[in-house]
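Just so it is clear: chains get the letters A, B, ... in the order the sequence lines come, proteins before strands, and each one is counted from 1. Fair warning: this is a prediction, and the values are worked out from it, not measured in the lab.
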2 protein chains.
Amino acid sequence: MDMESALSTRFAALADPTRRAILARLAEGEATVSELRKPFPISQPAISKHLRVLEQAGLIETGQDRQTRPRRLKAGALRDAAAWLGRIDALWSGRLDRLDEFLTRQTEE
Amino acid sequence: MDMESALSTRFAALADPTRRAILARLAEGEATVSELRKPFPISQPAISKHLRVLEQAGLIETGQDRQTRPRRLKAGALRDAAAWLGRIDALWSGRLDRLDEFLTRQTEE
DNA sequence: TGGCTATATAACCAACTAGATATCTGATTG
DNA sequence: CAATCAGATATCTAGTTGGTTATATAGCCA
């Protein structure tokens with residue numbers, strides 16, 4: 001998958017509120033499907049489907065613990081998306097030389 | 001529109017490569033529909049549709065110059081999306097830092 | 001062994017999307 | 001005025017998405 005369509009897949013994965021909530025949960029630590037399911041009023045297969053989307057977008061990975069398959073966030077997975085946004089923002093605000101500052105500001109908040 | 005669904009709309013708008021290319025072009029300065037259309041092998045109505053998606057996502061705005069309706073990037077429009085990514089990334093890498101620190105401490109003691 | 005738990009897969013459906021062509025409005029120009 | 005140009009809008013279609021229920025697979029426990 002080329003970089004362009006990887007970015008499309010990634011942003012598309014981020015466009016769903018359930019998936020963003022799952023990512024926010026996983027940012028606090030790995031979790032099983034059952035744990036991830038709890039906050040949502042949707043079926044288990046629906047959650048599994050969301051997880052598949054997130055995994056194909058390269059945002060999470062799956063572990064193996066005998067009976068469960070805990071998911072965890074992939075380190076730095078969001079950075080290329082953030083970098084794209086930062087590049088556009090920097091270009092528009094005429095501060096291409098301060099891209100680093102933009103990215104730093106995002107992660108410092 | 002609440003913040004959550006605004007974020008969904010925004011990421012969804014960013015998920016299309018044509019729309020990202022339009023944004024990248026607009027980051028260099030405002031442009032008319034005809035100008036924006038040039039690089040793409042798709043119809044004019046398709047471009048207008050993309051522009052409507054971008055405008056509804058709050059990413060661009062439309063001007064009025066007698067015959068043309070130039071689009072321009074909305075200042076800072078990408079920042080809330082970038083901020084969301086930054087928050088997740090910071091949370092997760094904060095954890096990784098602690099893990100790293102933890103492992104370092106283990107091997108040193 | 002048999003039943004429970006965790007998760008995946010399949011088949012289906014309604015809603016949405018990105019594109020197309022056709023047509024319309026309004027401003028510009030010959 | 002008529003022709004043209006910029007752009008918007010309407011309608012259609014194929015493909016994708018987010019959900020469902022039903023079922024399958026595999027580990028765990030009595």
With the side chain of B:S48 defined as its heavy atoms from C-beta on, choose the nearest nucleotide among D:dT9, C:dA6, D:dT20.
D:dT9
A:R25 side chain to A:A31 backbone, donor-acceptor under 3.5 Å
no
Atom CZ of A:F40 and atom P of D:dT20: how far apart are they, to the nearest Å?
13 Å
Return all side-chain donor-acceptor pairs below 3.5 angstrom for residues 32-43 of chain B, not counting sequence neighbours, or 'none' if the list is empty.
residue	atom	partner	partner atom	Å
B:T32	OG1	B:E35	N	3.2
B:E35	OE1	B:T32	N	2.9
B:S43	OG	B:A46	N	3.4

Check nucleotides 22-25 of chain D against the protein and report each pair of N or O atoms closer than 3.5 Å, with its distance, or say if there are none.
none

Looking at A:M1, I'd like to know if its CE atom is crowded, meaning that more than 12 non-hydrogen atoms belonging to other residues, nucleotides or ligands lie closer than 6.0 Å.
yes
Sorted by chain and number, sequence neighbours left out, salt bridge (charged side-chain N to carboxylate O under 4.0 Å, His left out) with A:R72 holds for A:E30, A:E61
Side chains of A:T62 and A:R71: is there a donor and an acceptor less than 3.5 Å apart?
yes
Looking just at side-chain N and O atoms, do A:Q44 and A:S48 make a donor-acceptor pair shorter than 3.5 Å?
yes
May I ask you to say whether A:K74 pairs ionically with A:E55, meaning some side-chain N is under 4.0 Å from a carboxylate O?
no
Value in whole Å for how far the P atom of D:dG7 lies from CD1 of B:I60:
12 Å
Please list each protein N or O that sits under 3.5 Å from an N or O in nucleotides 16-18 of chain D, with the distance.
residue	atom	partner	partner atom	Å
D:dG18	OP1	A:R19	NH2	3.0
D:dG18	OP2	A:R19	NH1	3.1

Is it the case that one hydrophobic cluster holds both A:L7 and B:F11, taking links as side-chain heavy atoms less than 4.5 Å apart, direct or via other members?
yes
At under 4.0 Å between heavy atoms, how does the protein contact nucleotides 24-30 of chain C? Give one character per nucleotide, 5' to 3', with B, S or -.
--BBS--
Remember a base hit wins even if backbone is also touched, and classify B:R71 as base, sugar-phosphate or nothing at under 4.0 Å, heavy atoms.
sugar-phosphate
Is there a side-chain polar atom (N or O) of A:S43 under 4.0 Å from OP1 or OP2 of D:dG19?
no
Nearest whole angstrom, please: distance from the C1' of C:dT5 to the CZ of A:R69.
15 Å
To the nearest angstrom, how far is B:R37 atom CZ from C:dA20 atom C1'?
12 Å
Specify the closest pair of heavy atoms between A:W84 and B:L14, including all atoms of both residues, with the distance to one decimal.
CZ3-CD2, 3.8 Å
With sequence neighbours left out, write down each residue that passes side-chain hydrogen bond (donor to acceptor under 3.5 Å, both in side chains) with A:Q56, or none if nothing qualifies.
none
Between atom CD1 of B:I47 and atom CZ of B:R19, what is the distance when rounded to the nearest 0.5 Å?
11.0 Å
Within the 4.0 Å heavy-atom criterion, would you say A:A46 contacts the bases, only the backbone, or no part of the nucleic acid?
base
